Amino acid sequence: MPDIFKAFAVAFSKINGILTDMFYEVLKKSETCSARLGVLHLRRGDVPTPIFMPVGTRASVKALSPLELEELGAKIILGNTYHLFLRPGMEIMNLAGGLNRFMGWERPILTDSGGFQVFSLATLRKIMPDGVKFASHIDGTRFFLGPRESMQIQRTLDSDIVMAFDECTPYPATREQAEKSLVLTTRWEAMSREQPLNDGQMRFGIVQGSTFDDLRKRSATEITALDFDGYAIGGVSVGESEPEMIAAIDAAAPCLPQDRPRYLMGVGTPRQIVEAVARGVDMFDCVMPTRLGRHGSAFMPNGETLPIKAGRFQKDFSPIDPECGCYACRNFTRAYIRHLFNVGEILGVRLLTIHNVHYFLNLARRIREAIANDTFDRLRAEFE
RNA sequence: GGUGGGGUUCCCGAGUGGCUAAAGGGGGCAGACUGUAAAUCUGCUAGCGAUGCUUUCGGUGGUUCGAACCCACCCCCCACCA
């Protein structure tokens, strides 16, 4: 596309943004797939899309300081309603003046609603019509978390993007179970939608439907009708195969409005992210870079992982990835980082976390550049 | 020189007649991890032609149907006393 048209397209989408609410703008769409370049305008700053959001469940992206996140180029991070409600609790969060102030992070935060804990802490909860009775995984204390409670907590956290309270459907699920879960989720999200939020907080709905195309479409349609600021595809990365995950996106994405951001929750591997972008997804979060970093795996250019603890790196004095520009790769060797893991020094965990988070943030950057330069198909091919 | 304690599979270490190829750690190796109950978890770790066989508990003999485990001698280590 000639530059003049490009500029026009950008200008048009900007006007378009003003006509809506300027929360989300599409800057460019790929001509060969559904990938799109955009920007989220949030209270605490703009977020370019496609974007990767590091996960900071308990008011910390594990092993990293806000300064390091800033230097790595993180634009938005996650927090979690369930975990922050339990500790430090809302009294302290209120006194602190919200999650951003509490943790010293000035850029946007997206908070998950606790819906994922309905899935991950399945043995410690009971689903009720208006929410979930949990027994705290810390001390067993009983408490109730539903759409109303979750919205109220996220208000106190004062996050920039608030997720509706859903039931993350377990995998595998029968059609009957998936449908029942979908109906419950739609109800809960309608309740979530009614709750007041703070000025400037954006609210996302979540699509469920498990592995059933028609249920995915139905859920997407029902949730869209509730008119959220953005839409997430949930109930993925719960143990299903990659083709099943892709199928869920293929089923749901076309039913979501073009002028709102799409967020694929909990995903994923580099390839899964690239494939989802090709299908029109704009936002991602995943614990993979931070968790694998703590567990001794480093991401390599092709998306595979290097087990740094392996004995074969004992005398390997090259960087994790010679092509990588992160602090860990610029300054330290495999042999040294392996040694740190070997003796249990926390710096090892920190260095791999820095490398992995850099990898994911950089992947998102490369994706954005590729869409802008019409080379996304080429980038996509690197991960096949 | 004397007295006492001890030498176990890569390392530390449990095991005192058959249920012991030998507990438990460590180390090593492999794997898992996807809106974080995870700086975590799971396997394997003598050899082999492998539902069994061979070698192994400092060494050499011996007792016994059977020994890492009991006996004799030898080698080595540690502690204390001379």
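It should be emphasised that the depicted structure is a prediction, and the values quoted were computed from it without experimental measurement. Per chain, numbering begins at 1; letters A, B, ... match sequence-line order.
- A21(B) is unpaired under the Watson-Crick or G-U wobble criterion, no partner having all donor-acceptor distances under 3.5 Å.
- The 5' end of RNA chain B is approached more closely, in terms of each residue's nearest nucleotide, by Arg338(A) than by the other of Gln117(A) and Arg338(A).
- Here Arg312(A) lies in heavy-atom contact (under 4.0 Å) with sugar-phosphate atoms only.
- Between Asp229(A) and Arg203(A) there is no salt bridge, since no side-chain nitrogen of the basic residue lies less than 4.0 Å from a carboxylate oxygen of the acidic one.
- To the nearest whole angstrom, the two C1' atoms, one in G2(B) and one in G66(B), are 39 Å apart.
- Spacing of P atoms, A67(B) relative to U60(B), comes out at 15 Å, to the nearest Å.
- Remark: G35(B) base-pairs with no nucleotide in the shown strands. Criterion, Watson-Crick or G-U wobble with two distances under 3.5 Å.
- In this structure, Ile138(A) reaches neither bases nor backbone, as no heavy-atom distance under 4.0 Å exists between it and the strands shown.
- Rounded to whole Å, the C1' atom of C71(B) lies 25 Å from the corresponding atom of C78(B).
- Remark: Ala335(A) engages Phe317(A), Thr333(A) in a side-chain contact (heavy atoms from CB on, under 4.5 Å) (not counting sequence neighbours).
- Phe143(A) has its ring centre less than 6.0 Å from the ring centre of Tyr82(A).
- Look at G4(B): its Watson-Crick or wobble partner, with both distances under 3.5 angstrom, is C78(B).
- Along RNA chain B, read 5' to 3', the first and last nucleotides having any atom under 4.0 Å from a heavy atom of chain A are G28(B) to U40(B).
- With both ends at atom C1', the span from A21(B) to A50(B) equals 14 Å, rounded to whole Å.
- Between Tyr171(A) and Phe119(A), the ring center distance fails the sub-6.0 Å criterion.
- With respect to the salt-bridge test (charged N to carboxylate O, under 4.0 angstrom), the residues Lys75(A) and Asp46(A) do not qualify.
- Within the nucleic acid shown, Gly239(A) has no heavy atom closer than 4.0 Å to any nucleic acid atom.
- A salt bridge links Arg279(A) and Glu275(A); the closest N-O separation between the charged side-chain nitrogens and carboxylate oxygens is under 4.0 Å.
- G58(B) sits 14 Å from G13(B) when the P atoms are compared, rounded to a whole Å.
- Aromatic rings from Phe360(A) and Phe299(A) are positioned such that their centres are separated by under 6.0 Å.
- Residues forming a side-chain contact (heavy atoms from CB on, under 4.5 Å) with Gln152(A) (at least two apart in sequence, or on another chain): Arg155(A), Thr156(A).
- Using a 4.0 Å heavy-atom cutoff across all strands shown, Gln208(A) reaches at least one base atom of the nucleic acid.
- Within the nucleic acid shown, Thr353(A) has no heavy atom closer than 4.0 Å to any nucleic acid atom.
- Residues from residues 168-181 of chain A that place a heavy atom under 4.0 Å from any atom of RNA chain B, listed by number: Cys168(A).
- Cluster partners of Met151(A), by chain and number: Val162(A), Leu197(A). The rule joins Ile, Leu, Val, Met, Phe, Trp and Tyr whenever side-chain heavy atoms lie under 4.5 Å apart.
- Inter-residue side-chain proximity for Leu340(A) and Leu351(A) is flagged as met; some heavy-atom pair is nearer than 4.5 Å.
- Pairing partner, U16(B): none, since no Watson-Crick or wobble contact has both distances short of 3.5 Å.
- U45(B) sits 22 Å from G49(B) when the C1' atoms are compared, rounded to a whole Å.
- When heavy atoms are screened at a 4.0 angstrom cut-off, Leu264(A) is found touching no nucleic acid atom at all.
- Comparing Asp166(A) and Gly344(A) by the nucleotide of RNA chain B that holds the closest heavy atom to each, the one mapping nearer the 5' end is Asp166(A).
- The salt bridge (Lys or Arg N to Asp or Glu O under 4.0 Å) contacts involving residues 233-245 of chain A comprise Glu242(A)-Arg271(A), where partners must be two or more places apart or lie in separate chains.
- Residue-level contact check: Ala310(A) touches the backbone only, with heavy atoms under 4.0 Å from sugar-phosphate atoms and none from bases.
- Comparing the same atom, P, in U54(B) and in C41(B) gives a spacing of 40 Å after rounding to whole Å.
- Between C12(B) and G7(B), the two C1' atoms lie 14 Å apart (nearest whole Å).
- Residue contacts shown for Asp285(A) are limited to sugar-phosphate atoms, with no base heavy atom under 4.0 Å away.
- Searching all strands for a Watson-Crick or G-U wobble partner of U55(B) with both distances below 3.5 Å returns nothing.
- Residue-level contact check: Gly268(A) touches the bases, meaning some heavy atom is under 4.0 Å from a base atom.
- Across all strands shown, A30(B) is found opposite U42(B) as a Watson-Crick or G-U wobble partner, with both distances under 3.5 Å.
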